[in-house]
Amino acid sequence: MDDEHRKRIEKNMDRIIRMTNFEQLANACVEIGLLTPVMLQNVKRLPDTDKIGKTEEEMQTERHKRLLKKITKRGPDAFQTFCRICADLHYDTVLGILVNNDRYVSIHNNKINIAAATIPPSQEYVDRTNHSTTNNSNNNNEDSRRSSISNADDDDDDENIDGAYQQIDRKLEEYTGEIRPKIVFNVRKAKKIHKHPILDTYLMQTKENRGVFFMVNIINFPLGHHRRDGAEEDGHSLLHLFKQLGFKLFSYTNLSYYVFFKILDELLKSDYTKNTECFVMALMTHGHMDDGVQRISFTDGSLVKVKDIEEYFHHHVCGNLVNKPKIFLFPFCRGGLLERGFYNNKIQTDSITFNTPKIKNIPNLSDLIVCYATSEGYKAHRDADNGSWYIQYFVKNMAEYAHDTSFEDIVKKIQADVSKLRTMEGTLQTAGYNNKGFNKALYFNPGVWENHASRRISI
């Protein structure tokens, strides 16, 4: 391996370790012939001096480092072979690092030209790798609804390595698929267009452009045991809710980092957001807190800073949503701590164009409420059968109160309900929200709208 490639791996070693799994990567190196079984044994066998005072996690990290250092010493073709392994394991963000593109460049995009792309992968190796990373999700497929909440064929993604390459072909289009929540909460209809008696009120009165609901539900990850069981139910519940609220639906399952930003950018520049009165984005995935920075995972194993997502909504970037209410639903974990407070083995954790007043000062980001399922630093709970605590209570309370109650008051009711839950192990979660210049009252006014003559029509 030449010095440039070796230094690139060494410089980014901590990031590569966070974005890959040691056992999966090590076994792949042996299967493809980059390492021999004896070499792998030597990597795993730590000297006694390296074990003193270290936890098992710290020792596994040390093995991970030894593995990457060993790869850098495996000859002139080692770098290309390493890239090939990352491609086969769907470690696309690591590929972006290896080809010196920090903002995630997908090898499947064909916009980059690296030697790894020219190496024909061993079909036997690809088959074994795919089988090991998809078997768990296939065995857990007890509900056919899991594959319906997507605008692309996720079954193709699970069947062969080419499915991951098809990610780039996912398009922006309204969701028209099946919606079948297990528990149906029907939205009560409003009797009038509501206005707050003291605060200004966001306009929510059109029929065709009431709102845009953008949902990304990451269920499967490179490691099968990280699958977010129960997340399908959250997806169906949210889609059922926002369809009744009159929103246009955009739903995607198991997106890579690159495709997520591609679709988000297209949506925020489209006529959908130009004409809408309200925008809601739900990102359901695993969350991680690293040195005080919130990151979330995508289906390719990449970690993305939440603030990088929020920057897409800054007013100088997203003119379509200036002065319009924006809601982010972030039900993921915000750290690794369990908040103490009925043991349940099914509980998991997630580790418009309209008239507006003239204003002189517009901050970078305003008219935004960010809804969190849990406090910073803590885990959020999700039932493997019935969905996450926060999302299910969000849907229930929205259905019951959106007809005459402002959104912030509904959020407080959701938080109160979630705070009453406990696992049998004694853990709980405290939901919260962050108001970023959301200075008006928001009423959803389901079932009523006004035409251009300001005449109210009820459904």
Test applied, side chain to side chain contact (heavy atoms under 4.5 Å, CB included); reference residue, L283; option that passes from V306, V216, V304
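The single option meeting the side chain to side chain contact (heavy atoms under 4.5 Å, CB included) with L283 is V216.
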Can you give me the closest heavy-atom contact between [X] and [Y], atom names plus distance?
X: L321; Y: K326; value: O-NZ, 2.9 Å
X: R210; Y: V448; value: NH2-O, 2.6 Å
X: D14; Y: K65; value: OD1-CE, 4.0 Å
X: T299; Y: I218; value: N-CG2, 3.6 Å
X: F313; Y: C318; value: CA-CB, 4.0 Å
X: I85; Y: A28; value: CG2-CB, 3.7 Å

Please check if the side chain of [X] supplies one atom and the backbone of [Y] the other of a donor-acceptor pair under 3.5 Å.
X: H314; Y: H316; result: no
X: N209; Y: G211; result: no
X: T273; Y: L268; result: yes
X: R295; Y: K305; result: no

Quick one: which of Y175, F260, Y272 gives a ring pair (Phe, Tyr, Trp, His ring centres under 6.0 Å) with F250?
Y272
Might you work through the side-chain contact (heavy atoms from CB on, under 4.5 Å) test for S237 and F242, ending with a clear yes or no?
CA-CA 9 Å; S237 297; F242 282 99; over 6 Å; no
Can you list the residues that meet the ring-ring contact (aromatic ring centres under 6.0 Å, His included) rule with F214, with sequence neighbours excluded?
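Once residues adjacent in sequence are excluded, F214 has no partner under the ring-ring contact (aromatic ring centres under 6.0 Å, His included) criterion.
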How many angstroms lie between [atom1] in [X] and [atom2] in [Y], if you round to the nearest 0.5 Å?
X: Q415; Y: Y393; atom1: CD; atom2: OH; result: 14.0 Å
X: T61; Y: M13; atom1: OG1; atom2: CE; result: 12.0 Å
X: M215; Y: T253; atom1: CE; atom2: OG1; result: 6.0 Å
X: D271; Y: N320; atom1: CG; atom2: CG; result: 8.0 Å
X: I16; Y: L98; atom1: CD1; atom2: CG; result: 5.5 Å
X: D234; Y: E232; atom1: CG; atom2: CD; result: 9.0 Å

So that I can tick it off, tell me whether E233 and R180 are bridged by a salt bridge, with the cut-off set at under 4.0 angstrom between side-chain N and carboxylate O.
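Answer for the salt bridge query: no.
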Taking NZ, NE, NH1 and NH2 as the nitrogens, is one of them in K413 or E400 under 4.0 Å from a carboxylate oxygen of the other?
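Salt bridge absent between K413 and E400.
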Tell me, with the steps shown, if F407 and M398 meet side-chain contact (heavy atoms from CB on, under 4.5 Å).
CA-CA 8 Å; F407 179 66; M398 284 287 291; 3.9 Å; yes
Close side-chain approach of [X] to [Y], heavy-atom, < 4.5 Å:
X: L368; Y: V370; value: yes
X: I369; Y: E408; value: yes
X: F298; Y: V259; value: no
X: C278; Y: M204; value: yes
X: L255; Y: I263; value: yes
X: H194; Y: H403; value: no
X: L239; Y: L241; value: no
X: T285; Y: N217; value: no

Can you confirm whether the side chains of [X] and [Y] place a donor and an acceptor under 3.5 Å from each other?
X: D200; Y: N439; answer: no
X: H240; Y: Q244; answer: yes
X: S406; Y: D409; answer: yes
X: T20; Y: H64; answer: yes

Please determine whether side-chain contact (heavy atoms from CB on, under 4.5 Å) holds for the pair K54 and M59, giving the CA-CA distance in whole Å, both sets of side-chain angles, and the decisive distance to 0.1 Å.
CA-CA 6 Å; K54 291 185 178 179; M59 287 190 290; 3.9 Å; yes
For Q205 and N445, run side-chain hydrogen bond (donor to acceptor under 3.5 Å, both in side chains): C-alpha distance rounded to whole Å, both residues' side-chain angles, the deciding distance at 0.1 Å, then the answer.
CA-CA 7 Å; Q205 60 190 38; N445 303 318; over 6 Å; no
Counting only heavy atoms not in E57 (residues, nucleotides, ligands), do more than 12 fall under 6.0 Å from its CD?
no
When you look at CZ of R18, are more than 12 heavy atoms from neighbouring residues, nucleotides or ligands closer to it than 6.0 Å?
yes
Could you go step by step and tell me if E310 and K436 meet the salt bridge (Lys or Arg N to Asp or Glu O under 4.0 Å) rule?
CA-CA 11 Å; E310 287 190 356; K436 299 187 177 184; 2.9 Å; yes
Can you confirm whether or not the ring centre of F279 sits under 6.0 Å from the ring centre of F213?
no
Is it true that Y202 and F438 have ring centroids separated by less than 6.0 Å?
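Close enough - the centres of the two rings lie under 6.0 Å apart.
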Give the intermediate values and the outcome of side-chain contact (heavy atoms from CB on, under 4.5 Å) for residues S270 and L172.
CA-CA 9 Å; S270 70; L172 177 67; 4.2 Å; yes
